[in-house]
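Working notes, beginning with the structure itself.
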2 protein chains.
Amino acid sequence: MSLTDTSKSANCLAMSDVLNRIGDKWSVMVVGILGQNGTLRFNELKRMINGVSQRMLTLTLRNLERDGLVTRTIYPEVPPRVEYSLTELGKTLQVPISGLWDWSAEHHGAIIDARAIYDARENATVAAEPRKAAYARG
Amino acid sequence: MSLTDTSKSANCLAMSDVLNRIGDKWSVMVVGILGQNGTLRFNELKRMINGVSQRMLTLTLRNLERDGLVTRTIYPEVPPRVEYSLTELGKTLQVPISGLWDWSAEHHGAIIDARAIYDARENATVAAEPRKAAYARG
DNA sequence: CAGAATCCGATCGGATACTG
DNA sequence: CAGTATCCGATCGGATTCTG
């Protein structure tokens, strides 16, 4: 099944459900990082994922576990040790995620540039024609 | 540059920025749909993307335009006609998005199944050991 | 260490009404 | 048709505190 399949646009209701998880920033991060490193502990993940709070990492991992993408292994030691890794399903997801990741690395600069140009034009327009900003942030 | 590149994990700050746009459900939808259909008008997009509100579609399109991924062409007619299509940059993004899309179509069922199993186990545990739900939704 | 629980401001996003 | 503007409830998500 490819994107040219016209049934896909009708089927985008199902896609929508998947995107609610996949389309989440932290989920993509976790799958990407786990895909690279194999198995990691909670705080290892936390350190590797820039800016994630403990709360969000916990929630993200629970959701990924629930969706069958990540396994959670608890070692009954003290201090506790919990290890996370991708399931087989998660590994298949890691492929398209990796594609997205590579795209980001390659084209991030272009996006930054485009934003600068857009904003410059925007400001110029506003200066010439001082109306209220359209749908301003929010 | 591939995912095995260790500089990537350090570089995930930049990735994070891109994911703020890409990792958005509606953005992925719009790029996917425009990638399939070439050029579409506002209300055509709205009809094809299930569940999007007018407001969110407008905001999504503005952000994609700002990031240089989508072009917006206004035809000064009455009634107004505005057409959207992918830029060259947007077309390159359409490739990984398509990968994600295909993955969703293929594995959505597996995720649904995993959720059912997880929830069943969850409920059983709660029934046997009636404690407060952990981090319940939110 | 790996969370859980709670508080609470910030943002999201749908519904609605209006316009060129 | 293709938006814009505003209201406002719902959700997100960081900060903080507490625990086995």
Side-chain angles (χ1 to χ4, degrees), chain A residues 16 19-21 23-30 34 39-66 70-85 122 125-126 129-138, chain B residues 16 19-21 23-30 34 39-66 70-85 122 125-126 129-138:
Chain A
S16 170
L19 279 179
N20 270 330
R21 178 95 22 256
D24 169 50
K25 180 182 169 179
W26 301 130
S27 295
V28 175
M29 286 287 191
V30 167
L34 282 181
T39 296
L40 291 172
R41 300 177 60 168
F42 184 85
N43 277 338
E44 286 176 331
L45 273 168
K46 188 166 182 327
R47 271 189 298 270
M48 298 186 71
I49 301 177
N50 157 269
V52 71
S53 68
Q54 176 209 44
R55 174 191 156 86
M56 287 319 293
L57 183 54
T58 301
L59 286 171
T60 300
L61 286 168
R62 286 294 178 285
N63 284 328
L64 289 175
E65 186 193 2
R66 184 168 105 100
V70 157
T71 60
R72 177 167 177 263
T73 310
I74 308 173
Y75 295 88
E77 306 170 352
V78 47
R81 179 162 57 104
V82 180
E83 291 187 344
Y84 294 91
S85 60
E122 184 80 356
T125 306
V126 170
E129 186 182 346
R131 243 181 306 173
K132 293 293 165 50
Y135 261 142
R137 300 298 140 207
Chain B
S16 171
L19 279 179
N20 271 329
R21 177 94 22 256
D24 169 51
K25 179 182 172 179
W26 300 128
S27 295
V28 175
M29 287 288 192
V30 167
L34 282 182
T39 296
L40 291 172
R41 300 176 61 166
F42 184 85
N43 277 338
E44 287 176 331
L45 273 168
K46 188 167 182 325
R47 271 188 298 270
M48 297 185 72
I49 301 177
N50 158 270
V52 72
S53 67
Q54 177 209 40
R55 172 191 157 88
M56 287 319 293
L57 183 55
T58 301
L59 286 172
T60 301
L61 287 168
R62 285 295 178 286
N63 284 328
L64 289 174
E65 186 193 4
R66 184 168 105 102
V70 158
T71 60
R72 176 166 177 265
T73 310
I74 308 173
Y75 296 88
E77 305 170 355
V78 46
R81 179 162 56 104
V82 180
E83 291 187 343
Y84 294 92
S85 60
E122 184 81 354
T125 306
V126 170
E129 185 183 347
R131 241 180 309 172
K132 294 294 165 52
Y135 262 140
R137 300 300 138 206

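Computed over heavy atoms, backbone and side chain alike; hydrogens, waters and symmetry mates excluded. Every chain is numbered from 1, with letters handed out A, B, ... down the list of sequences. Predicted, not measured: the structure shown is a model, and the values here were computed from it.
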Side-chain N,O (B:R62) to OP1/OP2 (D:dA2) below 4.0 Å: no
In residues 39-48 of chain A, what donor-acceptor pairs under 3.5 Å come from side-chain atoms, sequence neighbours left out?
| unit_1 | atom_1 | unit_2 | atom_2 | d |
| --- | --- | --- | --- | --- |
| A:R41 | NH2 | A:P80 | O | 3.4 |
| A:E44 | OE1 | A:R41 | N | 2.7 |

Value in whole Å for how far the P atom of D:dC1 lies from CG of B:N43: 5 Å
Residue A:T58, side-chain heavy atoms: nucleotide from C:dA4, D:dA2, C:dG14 that is nearest: C:dA4
Nearest-nucleotide pick for B:W26, side chain only, options being C:dA2, C:dG14, D:dC1: C:dG14
Integer-rounded Å distance: C:dA2 P and A:L45 CG: 9 Å
B:R55 CZ to C:dC12 P, straight-line distance once rounded to whole Å: 9 Å
Separation of A:R55 CZ from A:T58 OG1 (nearest 0.5 Å): 9.0 Å
Whichever of B:E44 and A:V52 has its nearest DNA chain D nucleotide further upstream toward 5': B:E44
Minimal non-hydrogen separation, A:V52 against A:L57, with atom names: CG2-N, 3.8 Å
Sugar-phosphate only, base, or nothing, as touched by A:Y84 at under 4.0 Å among non-hydrogen atoms: sugar-phosphate
Atom-to-atom span, CG of B:L61 to P of D:dA2 - whole angstrom: 11 Å
Among C:dC1, C:dG14, D:dA2, the one nearest B:R41 by side-chain distance: D:dA2
Value rounded to 0.5 Å, distance of CG in A:L34 from CE in A:M29: 13.0 Å
Atom-to-atom span, NZ of B:K46 to P of D:dA2 - whole angstrom: 11 Å
B:R72 CZ - D:dT4 C1' separation (whole Å): 12 Å
Minimum-distance nucleotide (side-chain atoms of A:P80 versus C:dG20, D:dG14, C:dA2): C:dA2
Salt bridge (charged side-chain N to carboxylate O under 4.0 Å, His left out) partners for B:R72, two or more places apart: none
B:L40 CG to D:dA2 C1', straight-line distance once rounded to whole Å: 15 Å
Rounded distance (Å) that lies between atom C1' of D:dT6 and atom CD of B:Q54: 13 Å
